[in-house]
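So the structure is just underneath, and the comments pick up after that.
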Amino acid sequence: KAGVTQTPRYLIKTRGQQVTLSCSPISGHRSVSWYQQTPGQGLQFLFEYFSETQRNKGNFPGRFSGRQFSNSRSEMNVSTLELGDSALYLCASSSWTRNNEQFFGPGTRLTVL
Amino acid sequence: DAKTTQPPSMDCAEGRAANLPCNHSTISGNEYVYWYRQIHSQGPQYIIHGLKNNETNEMASLIITEDRKSSTLILPHATLRDTAVYYCIVRVKDTSGSRLTFGEGTQLTVNP
């Protein structure tokens with residue numbers, strides 16, 4: 001089975017721009033979660049989607065949004081980028097029938113200049 | 001989700017057992033202990049989880065104390081590739097959400 005894939009792997013943007021990151025979960029997985037990892041804050045939960053519906057949301061401003069498509073692929077969008085948005089963005093997928101074992105992708109490294 | 005406490009760093013000699021402790025004194029009866037690890041610049045990787053019985057899989061063993069207030073992850077024969085940050089997470093195991101709350105974890109360094 002192919003693992004979780006994320007595109008792009010690296011991205012450089014400037015302040016004020018917006019960015020869209022993509023995540024393809026493991027085949028058959030309907031839950032997709034997003035996390036932000038920074039040296040200062042560590043790994044923080046952004047949101048989770050299940051069957052195209054947002055099921056959980058972390059404590060992030062409204063500039064961070066996401067969506068999930070009918071094929072379970074997910075995108076997250078960050079608008080009006082700030083320098084502090086520079087981070088590794090990780091996507092994880094899990095199966096409804098499994099024991100909440102999360103499979104993480106390699107992440108997208110976003111740098112905001 | 002219950003809070004966990006882990007030592008910030010540990011060292012282990014290659015080939016020896018690595019024993020990583022985790023305190024979760026406020027754990028509730030329906031909360032499980034999960035372990036993940038993150039090798040530098042990669043996504044976290046699931047290792048093992050348990051409720052109250054000791055668990056073993058191909059990667060590691062999980063020992064949970066009888067009062068469930070602490071646990072130990074054991075890597076029986078550590079290799080250099082086991083150098084990573086190890087996260088102990090306590091949460092309810094259900095299908096209503098997959099949110100994981102990561103702490104700071106333990107940086108395990110396996111030395112040759």
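By convention in this document, chain letters (A, B, ...) are assigned in the order of the sequence lines, proteins followed by strands, and residues within each chain are numbered from 1. Treat the numbers as computed from the prediction; the structure is a model and nothing was measured.
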To the nearest 0.5 Å, how far apart are OH in B:Tyr36 and CD in A:Gln102? 5.0 Å
What residue pairs, at least two apart or across chains, pass side-chain hydrogen bond (donor to acceptor under 3.5 Å, both in side chains) with a residue in residues 58-68 of chain A? A:Arg63-A:Asp85, A:Arg67-A:Glu75
Look at the side-chain heavy atoms of Ile, Leu, Val, Met, Phe, Trp and Tyr, link any pair under 4.5 Å apart, and say whether A:Tyr89 and A:Val4 land in one connected group. no
Of the non-hydrogen atoms in B:Gly43 and A:Leu90, which two are nearest, and what is the gap between them? CA-CD2, 3.7 Å
State plainly whether one hydrophobic cluster holds both B:Ile48 and B:Ile74, where clusters connect Ile, Leu, Val, Met, Phe, Trp and Tyr through side-chain heavy atoms under 4.5 angstrom apart. no
Working to the nearest 0.5 angstrom, can you tell me the gap between B:Arg99 CZ and A:Lys57 NZ? 10.0 Å
Contacting region of B:Tyr87 [heavy-atom separation from chain A under 4.5 Å]: side chain
Do A:Phe103 and A:Tyr49 sit in one hydrophobic cluster, given that two such residues count as connected whenever their side-chain heavy atoms are within less than 4.5 Å of each other, even indirectly? no
side-chain contact (heavy atoms from CB on, under 4.5 Å) partners of B:Glu14, counting only residues at least two apart: B:Leu80, B:Val110, B:Pro112
Same hydrophobic cluster for A:Leu81 and A:Tyr10, using side-chain heavy-atom links shorter than 4.5 Å among ILVMFWY? no
ILVMFWY network linking A:Leu88 to A:Val19, side-chain heavy atoms under 4.5 angstrom: no
Neighbour count above 12 (heavy atom, 6.0 Å) for A:Gln17 CD: yes
Which residues from residues 32-47 of chain A are near chain B, with near meaning under 4.5 Å between non-hydrogen atoms? A:Ser33, A:Tyr35, A:Gln37, A:Leu43, A:Phe45
Where along residues 105-113 of chain A does a heavy atom come under 4.5 Å of chain B, listed by residue number? A:Gly105, A:Pro106, A:Arg109
